[in-house]
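One structure below.
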Amino acid sequence: MGGKGAARARGAHPGYARAPFRPPPKCFRSRRDRRHPRAAGKPPRPMSDTIVTRFAPSPTGFLHIGGARTALFNWLLARRHGGRMLLRIEDTDRERSTDAAIAAILDGLGWLGLDWDGEAVHQFARAERHREVALRLLAEGKAYHCYASQEELAEMRERAKAEKRPLRYDGRWRDRDPSEAPPGVKPVVRFKAPLEGETVVEDRVQGKVTWSNKELDDLVLLRSDGTPTYMLAVVVDDHDMGVTHIVRGDDHLTNAARQSQIYRALGWDVPVMAHIPLIHGADGAKLSKRHGALGVEAYRAMGYLPEALRNYLVRLGWAHGDQEIFSTEEMIAAFDLGGIGRSAARFDFVKLEALNGHYMRHADDARLVEALETILPEIGPERGLGPVFPPELRARLLAAMPGLKERARTLVELLDAASFLWAARPLALDEKAGKLLDDGARARIRDLRPRLAALEPFDAATTEAAVRAYAEEAGVKLGQVAQPLRAALTGRTTSPPLFDVMAVLGREETLARLADQEQS
RNA sequence: GCGCCCUUCGUCUAUCGGUUAGGACAUCAGCCUUUCACGCUGAAGAGGCGGGUUCGAUUCCCGCAGGGCGCGCCA
């Protein structure tokens with residue numbers, strides 16, 4: 001896209017074209033019928049109600065798996081309704097935001113096949129606008145200057161902890177006269193949160209969630225250096241960007257309450273919210289960066305196909321009846337907020353692998369060679385390969401692919417299974433293969449080699465016929481001949497179908513490898 | 001500590017008060033077969049606990065237990 005709504009990311013004062021039309025917040029369904037739009041008597045949202053979602057990562061690291069799923073859900077929701085998904089880089093933490101992280105995130109999204117509409121918005125570039133909104137709140141008496149020092153704040157928390165009270169700012173500057181301000185202290189601007197009543201978030205996944213306003217303290221809007229905090233910036237940006245649906249991890253659920261208060265103070269409509277459960281590690285513990293959570297580029301390097309990861313991710317926390325396999329089109333057509341569950345899911349590599357195997361088996365041969373090539377710089381060197389396939393190896397790989405892709409669950413396994421294609425002669429035999437090639441086996445190879453040499457043409461059909469005929473004459477089972485041949489040709493006891501291996505290797509290489517193993 | 005959220009096979013999930021609680025991955029057995037894999041067939045495997053409400057609770061309500069998240073001049 002990038003049409004009239006596209007935001008200029010780095011302008012001095014990047015004002016957005018105000019969203020031309022913001023749908024009023026829909027009545028929310030109760031928790032009870034949250035999953036069943038029809039039952040709630042709500043017709044599907046009409047297409048004219050353009051949905052605008054956003055993915056808003058903070059560039060302090062790579063795109064981790066939870067973020068990838070959040071992006072996917074946002075993307076799916078927008079695509080499902082013919083809306084737009086925006087990308088906003090939340091880089092207001094100048095200390096921790098890096099360009100490398102931004103690059104990694106964009107790269108990860110691209111690899112996953114998730115695109116966004118318009119230019120990515122860099123939140124920090126909009127600081128002036130955020131400040132303007134904070135000042136407006138100040139002018140309207142909905143915010144105030146707070147001169148409490150870090151030490152005071154820390155002490156406040158300590159005391160609250162000791163007295164087993166909630167850890168909150170006590171509002172000491174809320175109604176204090178500014179004339180009492182200590183000299184030389186730069187104040188922060190705090191939001192004047194309501195003291196009475198309650199704040200309700202009607203969440204499309206979590207249902208109706210209520211907080212007593214006594215639980216929510218006066219958060220900082222503007223730091224003492226005048227820069228906006230995340231809590232202010234998200235609200236202003238989501239509003240200015242015309243975001244209608246906020247889909248994010250449920251670690252933001254409490255933030256949703258505080259942000260709702262800010263929206264209301266500003267007189268703005270609160271977007272539809274959907275807080276999705278977090279993804280945990282296999283052990284049920286949280287899948288955090290410090291526990292080795294991986295960036296999507298790590299999944300790429302482990303040999304997963306983006307469509308497999310996408311399919312795995314979409315089913316983690318979301319379901320559509322019993323369907324497990326979803327093409328991108330099917331996902332888009334079926335995706336709905338109501339299908340998202342509320343409990344955290346564990347990440348299961350085994351299932352991801354099974355799914356990846358499925359997608360590999362159904363993938364086009366040439367595409368798999370290309371996929372292999374994209375990660376070859378990462379996984380090739382340790383396997384004796386350069387960053388690109390030599391032409392003849394590439395051709396062999398392509399020819400062997402039908403038999404190869406059937407028995408691998410990742411691209412790394414695929415490459416390993418294909419290693420006999422470029423193995424140097426004489427082949428190093430693995431343990432089982434070495435054991436299998438006993439004297440009798442070598443004798444059979446000796447018998448067979450001239451027969452194979454005489455074949456014209458030399459292909460899977462002719463070699464198979466020759467080997468079968470030999471087995472019959474010798475009065476042995478086919479396996480007793482085939483396994484030694486497999487061991488001699490691939491160095492292993494398992495491989496793609498033997499006669500396909502011979503055909504791919506070609507007459508010369510086949511005979512040479514057999515000759516290598518004739519002596520014990 | 002305070003608040004909020006969660007709890008169905010090992011894992012991901014279906015279930016809209018009445019089902020032999022279904023599917024997928026994994027596991028086990030068998031078939032297929034030149035190996036492995038694929039595929040096919042079959043088996044085993046689940047509603048955390050305690051109270052309600054109801055003719056009937058996995059489903060609704062309450063409590064408990066367990067787990068998660070939040071409580072920054074981080075996002």
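Here the structure is a predicted model, which is why all the values come from computation and not from measurement. Order of the sequence lines fixes the chain letters, A, B, ..., with proteins taken first and strands second; residue numbering starts at 1 for each chain.
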Worksheet item: How about A/T490 and A/R486: does a side-chain donor come under 3.5 Å of a side-chain acceptor?
Response: no
Worksheet, complete the sentence: Ranking B/rC25, B/rU34, B/rC74 by distance to the side chain of A/A354, first place goes to B/rC25
Worksheet item: Across all strands, who's sitting opposite B/rC4 as a Watson-Crick or G-U wobble pair, both distances under 3.5 Å?
Response: B/rG68
Discussion item. Applying a 4.0 Å non-hydrogen cut-off, can you work out what A/P497 is touching in the nucleic acid: base, sugar-phosphate, or nothing?
Written reply: base
Response to the item:
When both distances are under 3.5 Å in a Watson-Crick or G-U wobble arrangement, the nucleotide paired with B/rA43 is B/rU27
Discussion item. Using a heavy-atom cut-off of 4.0 Å across all strands, would you classify A/G249 as base, sugar-phosphate, or nothing?
Written reply: nothing
Worksheet item: A/Y169 ring centre to A/R190 NZ or CZ under 6.0 Å, with the angle to the axis within 45°?
Response: yes
Worksheet item: Across the strands shown, which category fits A/D225 at heavy-atom distances under 4.0 angstrom: base, sugar-phosphate, nothing?
Response: nothing
Item to complete: Report the distance from atom NZ of A/K164 to atom C1' of B/rG3, rounded to the nearest whole Å.
Response: 17 Å
Discussion item. Using a distance-only criterion (donor-acceptor N/O pair, under 3.5 Å, no hydrogens), is the base of B/rC73 paired with the side chain of A/S224?
Written reply: yes
Discussion item. Is there, by distance only and without an angle test, a donor paired with an acceptor across the side chain of A/R315 and the base of B/rU13 below 3.5 Å?
Written reply: no
Practice prompt. Please work out if A/E324 contacts a base, only the sugar-phosphate, or nothing of the nucleic acid, heavy-atom cut-off 4.0 Å.
Written response: base
Item to complete: Tell me what A/E353 touches on the nucleic acid: a base, only sugar-phosphate, or nothing, going by heavy atoms under 4.0 Å.
Response: nothing
Item to complete: Answer yes or no: side-chain N or O of A/D322 and base N or O of B/rG22 forming a donor-acceptor pair under 3.5 Å.
Response: yes
Practice prompt. Starting from P on B/rC73, measure out to CD on A/E155 and report it in whole angstrom.
Written response: 15 Å
Discussion item. Closest-nucleotide mapping onto RNA chain B: is A/L478 or A/Y230 further toward the 5' terminus? I mean the 5' end.
Written reply: A/L478
Fill in: Sugar-phosphate, base or nothing in reach of A/L316, heavy atoms under 4.0 Å
sugar-phosphate
Discussion item. Does A/L278 reach a base, just sugar-phosphate, or nothing at all? Heavy atoms under 4.0 Å.
Written reply: sugar-phosphate
Item to complete: Please state whether the base of B/rA24 and the side chain of A/K351 form at least one donor-acceptor pair under 3.5 Å?
Response: yes
Worksheet entry | Closest to the A/A345 side chain, choosing from B/rC73, B/rA37, B/rC12 | B/rC12
Worksheet item: Whom does B/rU20 pair with, Watson-Crick or G-U wobble, provided both distances fall under 3.5 Å?
Response: none
Worksheet item: Rounded to the nearest Å, what distance is computed from the CD atom of residue A/E215 to the P atom of nucleotide B/rC4?
Response: 7 Å
Discussion item. What's A/R409 touching, base or sugar-phosphate or nothing? Going by heavy atoms closer than 4.0 Å.
Written reply: nothing
Worksheet item: Among the nucleotides B/rC74, B/rA37, B/rU34, which one has an atom lying closest to any side-chain atom of A/E406?
Response: B/rA37
Item to complete: Indicate yes or no: at least one non-hydrogen side-chain atom of A/P277 is less than 4.5 angstrom from one of A/I340.
Response: yes
Worksheet item: Can a cation-pi geometry be assigned to A/R315 and A/F326, taking NZ or CZ under 6.0 Å from the six-membered ring centre and within 45° of the ring axis?
Response: no
Discussion item. Tell me the interatomic distance from A/R486, atom CZ, to B/rA37, atom P, rounded to whole angstroms.
Written reply: 12 Å
Discussion item. In the structure I gave you, are the side-chain heavy atoms of A/R157 and A/L153 within less than 4.5 Å of one another anywhere?
Written reply: yes
Fill in: Close side-chain approach of A/Y304 to A/T410, heavy-atom, < 4.5 Å
yes
Worksheet entry | Value in whole Å for how far the C1' atom of B/rC73 lies from CG of A/D218 | 14 Å
Item to complete: Would you mind classifying the nucleic acid contact of A/R190 as base, sugar-phosphate or nothing, using non-hydrogen atoms under 4.0 angstrom?
Response: sugar-phosphate
Item to complete: Provide the Watson-Crick or G-U wobble partner of B/rU54, both distances under 3.5 Å; none if there is no partner.
Response: none
Discussion item. By the 4.0 Å heavy-atom rule, please label A/V188 as base, sugar-phosphate, or nothing.
Written reply: base
Worksheet entry | Length of the CD1-C1' vector between A/I276 and B/rC69, whole Å | 14 Å
Item to complete: Remember a base hit wins even if backbone is also touched, and classify A/R361 as base, sugar-phosphate or nothing at under 4.0 Å, heavy atoms.
Response: sugar-phosphate
Item to complete: Please work out if A/F499 contacts a base, only the sugar-phosphate, or nothing of the nucleic acid, heavy-atom cut-off 4.0 Å.
Response: base
Worksheet item: Does any donor-acceptor pair link the side chain of A/D91 with the base of B/rA75 at a separation under 3.5 Å?
Response: no
Practice prompt. Scan A/T493 against the nucleic acid and name what it touches under 4.0 Å (heavy atoms): base, sugar-phosphate only, or nothing.
Written response: base
Worksheet entry | B/rA14 pyrimidine/purine six-ring stacking with A/H320, under 5.5 Å and 30° | no
Fill in: Upstream residue (5' side of RNA chain B) when A/P228 and A/R258 are each assigned their closest nucleotide
A/R258
Item to complete: Give a yes or no on whether A/E163 atom CD has more than 12 heavy-atom contacts from other residues, nucleotides or ligands under 6.0 Å away.
Response: yes
Worksheet item: What's the CD-P distance between A/E95 and B/rG72, to the nearest Å?
Response: 19 Å
Worksheet entry | Base-pairing mate for B/rG63 - Watson-Crick or G-U, with both contacts under 3.5 Å | B/rC49
Worksheet, complete the sentence: Regarding the side chain of A/L167, the nearest nucleotide among B/rC71, B/rC73, B/rU11 is B/rC71
Practice prompt. Quick one: label A/E90 by what it contacts on the DNA or RNA (base, sugar-phosphate, nothing), any heavy atom closer than 4.0 Å.
Written response: sugar-phosphate
Discussion item. With a 3.5 Å limit on both atom pairs, tell me what B/rC74 is paired to, counting Watson-Crick and G-U wobble, or say none.
Written reply: none
Item to complete: Whole angstrom is fine here: how far is it from NE2 in A/H280 over to P in B/rG66?
Response: 17 Å
Discussion item. Going by purine N1 to pyrimidine N3 plus the second Watson-Crick contact, or the G-U wobble pair, all under 3.5 Å, which nucleotide sits opposite B/rC36?
Written reply: none
Worksheet item: With a 4.0 Å cut-off, would you call A/D240 and A/R126 a salt bridge?
Response: yes
Discussion item. Suppose we call a contact any N or O donor and acceptor under 3.5 Å apart; does that hold for the side chain of A/R168 and the base of B/rC71?
Written reply: no
